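Quick note on labels: first sequence line is chain A, next is B, and so on, each numbered from 1. None of the values given here were measured: they were computed from a predicted structure.
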Amino acid sequence: MKMAINELNSLCRSALEGSGWTQGDCEDAADAAVWLQAMGFDGMEAINGLLGVAREEEYVVEPALAGKPGARAERKTSCAGLAGCLLAFELAWARATQAGTGTVRVSNALSPRLALYGLKSMCARGRRFDLSWTDRVGRHFAATSGHEEYPAYLGFNAHARTMSLQIVVRCTSDAAAFDAELAAAQNMAGAIDAAELDARYREALWRGIDVDDTHVDRLIAWKSKVLVPASHMSREQGAGGADDGF
Amino acid sequence: MTNDAIMDEKQGRVRGMGERTPSAPLRSPDITNRTERLGAMHGTRLSFVRSLVRRMAYDNWRVRVTRMDLNDDGFGVCIYTIEAYGERYSQVIFSQYLDDSERTDRVIAQKWDITSALICGVPSAADIEYLRGNVPLQEAGRLRANDLVLCRANKSVRNFGYVVDCLAAGKQPDPAAFERVGYLIRTTAVYGNGKFGIADYPRLVDSQAFDRGFAAQMCAVFVLRDFSVRLVEHVAARRNPRAAVKLAHSFRRYLGVGNATGLGMAPFLVRHPVQVDQWIRARETALARVLAVESVDRGAVERAMGLIARAGRHVAQVHTDHPPEAARNALILDELPRLARELQITCEQKGAFRWSKLLSWATAQLSCATQEILVTVLIELYPELVDSIECATPVDDALTLDPDMSVGELLALVERDYGWVMEQPAAQRDDDHFFWYRSAEKEEPRLGVRAQEAGAELEQPLDISRQVLWLHTKLKTQENDARTVAEFVAECIEYRALVRRIQTLASHAYGEIRHNLLARDMLPIDLMRAKLSMFGASKFDPKSNLWVRVTLYQGAPTLDDLSPEMVDDWAFPCVPGGHERGDA
């Protein structure tokens with residue numbers, strides 16, 4: 001069925017609430033899933049990866065070069081929330097402020113492609129970000145200069161397909177010092193540039209987003225978990241509207 | 001930087017403002033954003049309906065009926081075409097029979113007298129058939145990305161039938177009938193922004209007619225208002241073609257569209273703090289410009305006296321069975337003559353008279369409710385200073401985390417901007433009497449009493465005050481003040497949403513409602529009134545603490561009145577005499 005962006009977003013957010021995600025994560029993941037769906041990255045599969053699952057993402061903020069501020073070693077940390085959407089980028093940003101470059105690796109990522117939305121959120125904030133994530137299709141690459149509306153999806157390397165779901169985010173506050181390790185992947189396919197992503201967004205805005213009924217039904221089922229069953233008391237004392245005979 | 005400093009710095013930079021307009025200091029959010037003050041607000045000339053009607057008139061919008069297929073009972077379809085700025089829209093209205101037993105304004109209703117959609121372009125026959133199959137179903141139907149607004153309305157059983165009877169008998173209604181109920185129909189929902197498949201708001205950003213927030217919804221209600229009069233005249237004329245008369249123009253102008261508003265507006269205000277900041281800041285900016293007027297002429301004083309008198313008549317015509325509202329109106333009626341007297345005395349004293357002097361006096365001597373009437377009056381006096389302030393331009397209301405801020409800086413920010421949380425009396429601060437939730441019954445927003453009702457574990461996070469307290473306590477226990485906020489929220493994920501809210505609102509001082517929204521003394525109608533005032537509603541008639549009846553467009557120009565020469569002066573509408581003859 002065709003759905004409006006805000007309509008689908010609201011449904012996704014409620015479904016995530018129903019699955020127990022905290023506020024902040026719910027909004028981010030819903031925004032991400034809907035944006036990915038509009039961009040043709042199967043956002044509904046991405047959100048399915050978050051519904052009714054154990055939170056087992058772990059992240060590590062990699063130490064910067066020795067002698068740099070913030071060059072302390074970090075341990076791998078379990079995340080009670082969603083690391084692989086915006087949080088990884090925020091951590092990378094903070095480390096880059098201290099050390100010039102910040103790299104965050106997320107392992108056991110629940111839905112790695114959500115990170116592409118995290119990258120999109122950083123697009124206009126003035127810093128270069130590079131992103132890669134792995135899934136059963138392969139290893140994907142994307143980047144932004146920090147001065148754009150959309151990131152560039154550089155494509156994926158099918159030879160790197162893996163069952164290990166991992167996200168690597170790198171933020172560089174000093175572009176000159178950037179080591180282009182992440183962007184230097186080979187044999188990539190399926191690149192999508194910013195102009196195409198913008199066109200896809202406008203298409204979604206003007207025509208709506210296609211969503212399978214089965215996905216909608218699943219989201220509704222999760223959403224229903226945050227709805228409080230009606231009672232006589234709630235209807236009589238808690239509801240806003242009533243009739244006054246005028 | 002303090003809130004006051006932020007406000008001073010921002011004063012010249014609100015979008016739509018001229019840089020050189022003199023301005024007094026803005027009132028503090030500690031004044032404006034308290035629920036008592038929000039619950040006393042009135043519409044101003046910046047309100048959305050006022051701003052929209054000005055644009056319709058001054059920019060030569062062309063709004064006309066292009067199809068009206070109604071039977072003798074007024075059931076059928078009516079289509080309006082709206083042309084503005086080279087854009088064309090249509091409003092398709094379905095009127096149907098509704099048994100009295102099925103007529104309810106509750107969200108849980110499934111059938112309505114009137115249903116309507118505002119759409120892009122001109123509908124084809126196929127479009128009309130599609131809309132006919134879906135619009136009357138409202139939430140149970142599906143709209144398309146070309147459709148902008150979905151709404152419905154019920155007739156005022158008392159007024160509609162009475163007015164038909166009068167007009168059919170060739171006479172005008174008794175004005176007293178409109179004092180109690182100043183409308184023929186009342187909307188029970190006006191949906192936009194993606195609901196049920198209709199267009200998302202960002203799509204309208206490219207529209208010159210509807211790029212402002214809620215402009216499309218407000219336009220749909222304006223068209224429904226016109227339709228309500230055409231409908232009542234149509235039914236009267238079919239009933240008695242020889243003798244029926246049209247409704248007197250003064251009545252057509254006075255009658256608005258009723259609206260019943262429930263709890264749904266309260267969560268909106270909490271979830272869209274940047275918009276709330278935009279709305280209140282615009283209003284306060286307008287007030288500050290008026291307060292900076294150095295030379296108040298006699299004409300302005302006389303206009304103010306006239307508006308104060310009109311406000312008194314308006315308030316006297318508000319009928320409410322809600323004891324606190326009735327008491328507040330009585331207090332206003334007691335205080336307005338004092339305000340008028342003070343204005344007379346002060347402006348006759350030697351030396352330059354400034355409005356700030358009168359407002360200072362009112363702040364010290366009068367209730368909050370009367371002060372807010374004075375605010376509306378003052379803003380009304382100087383269109384040339386305030387009409388350029390646009391308070392509904394598209395705004396990016398994303399809440400963004402500043403990862404670099406240190407935990408120590410965040411603590412200082414919380415203590416600076418949320419002092420109102422920490423300074424509450426302990427009993428108020430810790431009061432979690434209510435919880436907000438969504439009911440399984442059509443997802444209606446509801447309010448529960450924690451100690452008495454099930455469902456608190458599913459409460460919606462509207463408890464900003466309580467969350468801030470918890471965050472403050474957590475921050476005080478952090479050993480490393482230099483640690484970044486990014487690290488803090490990664491570890492304490494439950495605070496991430498709140499932290500980015502606090503950080504974002506550091507530059508949006510009017511964004512937060514300064515009250516514990518779980519406390520026993522919290523009145524949801526105060527929150528609703530704030531938003532409805534921004535819309536431009538009048539005649540606030542709370543039916544309980546949880547919902548309120550208001551009227552939109554009461555006193556507004558009619559479609560026929562729209563022209564570049566229109567006089568935009570309809571604050572505090574009052575019932576007219578209706579003595580002019582209605583043409584047959």
Side-chain angles (χ1 to χ4, degrees), chain A residues 1-10 14 17-18 22-28 31 59 61 77 79-83 86-87 89-95 97-98 121 125 202 204-208 223-231 233-235 237-246, chain B residues 104-107 142 144-145 156-159 180-181 188 193-203 258 260-264 401 403-404 437-441 443-449 452-455 458 461 484-487 489-491 493-494 496-497 500 524 543-544 546-547 549:
Chain A
M1 68 188 290
K2 284 277 189 195
M3 295 186 77
I5 292 174
N6 192 41
E7 179 183 31
L8 182 57
N9 188 298
S10 178
S14 297
E17 286 172 22
T22 59
Q23 54 170 329
D25 282 344
C26 291
E27 288 85 355
D28 291 349
D31 289 347
Y59 66 86
V61 183
T77 306
C79 185
L82 181 60
L86 260 70
L87 182 60
F89 293 84
E90 291 159 352
L91 286 164
W93 177 290
R95 176 52 59 91
T97 301
Q98 297 169 334
S121 299
R125 293 181 67 171
R202 293 191 181 280
L205 196 58
W206 282 82
R207 299 189 190 282
K223 177 179 77 169
S224 69
K225 295 177 188 296
V226 293
L227 303 178
V228 176
S231 65
M233 191 171 183
S234 77
R235 202 171 296 128
Q237 296 183 25
D243 294 303
D244 59 356
F246 286 98
Chain B
T104 171
D105 290 359
R106 296 283 298 270
V107 172
R142 288 297 299 170
R144 303 162 301 178
S156 162
V157 175
R158 297 184 188 197
N159 266 2
R180 178 94 202 191
V181 182
T188 67
N193 195 13
K195 291 276 173 60
F196 318 114
I198 58 183
D200 289 295
Y201 174 60
R203 176 177 164 175
T261 292
L263 290 170
L401 192 87
D404 289 335
Y437 65 95
R438 275 181 291 161
S439 169
E441 212 162 41
E443 299 183 40
E444 187 176 53
R446 290 184 182 173
L447 196 60
V449 175
Q452 298 171 10
E453 294 176 65
L458 297 175
T484 66
V485 156
E487 293 168 302
V489 299
E491 181 185 297
I493 204 77
E494 66 274 23
R496 187 162 161 271
R500 67 186 182 189
K543 296 299 178 181
S544 75
L546 305 182
W547 72 284
R549 168 87 69 221

Partner residues of E441(B) under the side chain to side chain contact (heavy atoms under 4.5 Å, CB included) criterion, sequence neighbours left out: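 Per chain and number, E441(B) pairs via side chain to side chain contact (heavy atoms under 4.5 Å, CB included) with A230(A), R235(A), I108(B), S439(B), R446(B).
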Partners passing side chain to side chain contact (heavy atoms under 4.5 Å, CB included) against R142(B) (at least two apart in sequence or in another chain):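 For R142(B) the side chain to side chain contact (heavy atoms under 4.5 Å, CB included) partners, ignoring immediate neighbours, are M1(A), M3(A), E7(A), Y130(B), N134(B).
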Residues R496(B), L86(A); criterion side chain to side chain contact (heavy atoms under 4.5 Å, CB included); working and verdict: CA-CA 11 Å; R496(B) 187 162 161 271; L86(A) 260 70; 3.3 Å; yes
Exercise: identify the closest heavy-atom pair between [X] and [Y]:
{"X": "P461(B)", "Y": "Q23(A)", "result": "CB-NE2, 3.6 Å"}
{"X": "A440(B)", "Y": "P229(A)", "result": "CB-CA, 4.0 Å"}
{"X": "A145(B)", "Y": "G208(A)", "result": "CB-N, 4.0 Å"}
{"X": "R125(A)", "Y": "L401(B)", "result": "NH2-O, 3.1 Å"}
{"X": "A490(B)", "Y": "C79(A)", "result": "O-SG, 4.5 Å"}

Closest-packed option against chain A by number of heavy-atom pairs under 4.5 Å, given P403(B), G448(B), A497(B), G194(B):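 Greatest number of close heavy-atom pairs with chain A: P403(B).
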Main-chain N/O of N6(A) paired to D200(B) side chain as donor or acceptor, under 3.5 Å: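 Yes: the side chain of D200(B) pairs with the backbone of N6(A).
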Engaged part of R144(B) at the chain A interface, taking heavy atoms whose separation is under 4.5 Å: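 Neither; nothing under 4.5 Å.
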In terms of heavy-atom proximity below 4.5 Å to chain B, should [X] be classed as side chain, backbone, both, or neither?
{"X": "K225(A)", "value": "backbone"}
{"X": "Y59(A)", "value": "side chain"}
{"X": "N9(A)", "value": "neither"}
{"X": "S234(A)", "value": "both"}

Verdict with reasoning, S14(A) to R438(B), per side chain to side chain contact (heavy atoms under 4.5 Å, CB included): CA-CA 11 Å; S14(A) 297; R438(B) 275 181 291 161; 3.1 Å; yes
4.5 Å side-chain heavy-atom contact, L87(A) and I493(B):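 They are in contact (side-chain heavy atoms under 4.5 Å apart), so the answer is yes.
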4.5 Å side-chain heavy-atom contact, T484(B) and Q98(A):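 Yes, their side chains come closer than 4.5 Å.
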Drop me the distance from [X]'s [atom1] to [Y]'s [atom2], to the nearest 0.5 angstrom.
{"X": "L227(A)", "Y": "E444(B)", "atom1": "CG", "atom2": "CD", "answer": "12.0 Å"}
{"X": "K195(B)", "Y": "S10(A)", "atom1": "NZ", "atom2": "OG", "answer": "7.0 Å"}
{"X": "T77(A)", "Y": "E491(B)", "atom1": "OG1", "atom2": "CD", "answer": "8.5 Å"}
{"X": "E90(A)", "Y": "D404(B)", "atom1": "CD", "atom2": "CG", "answer": "11.0 Å"}

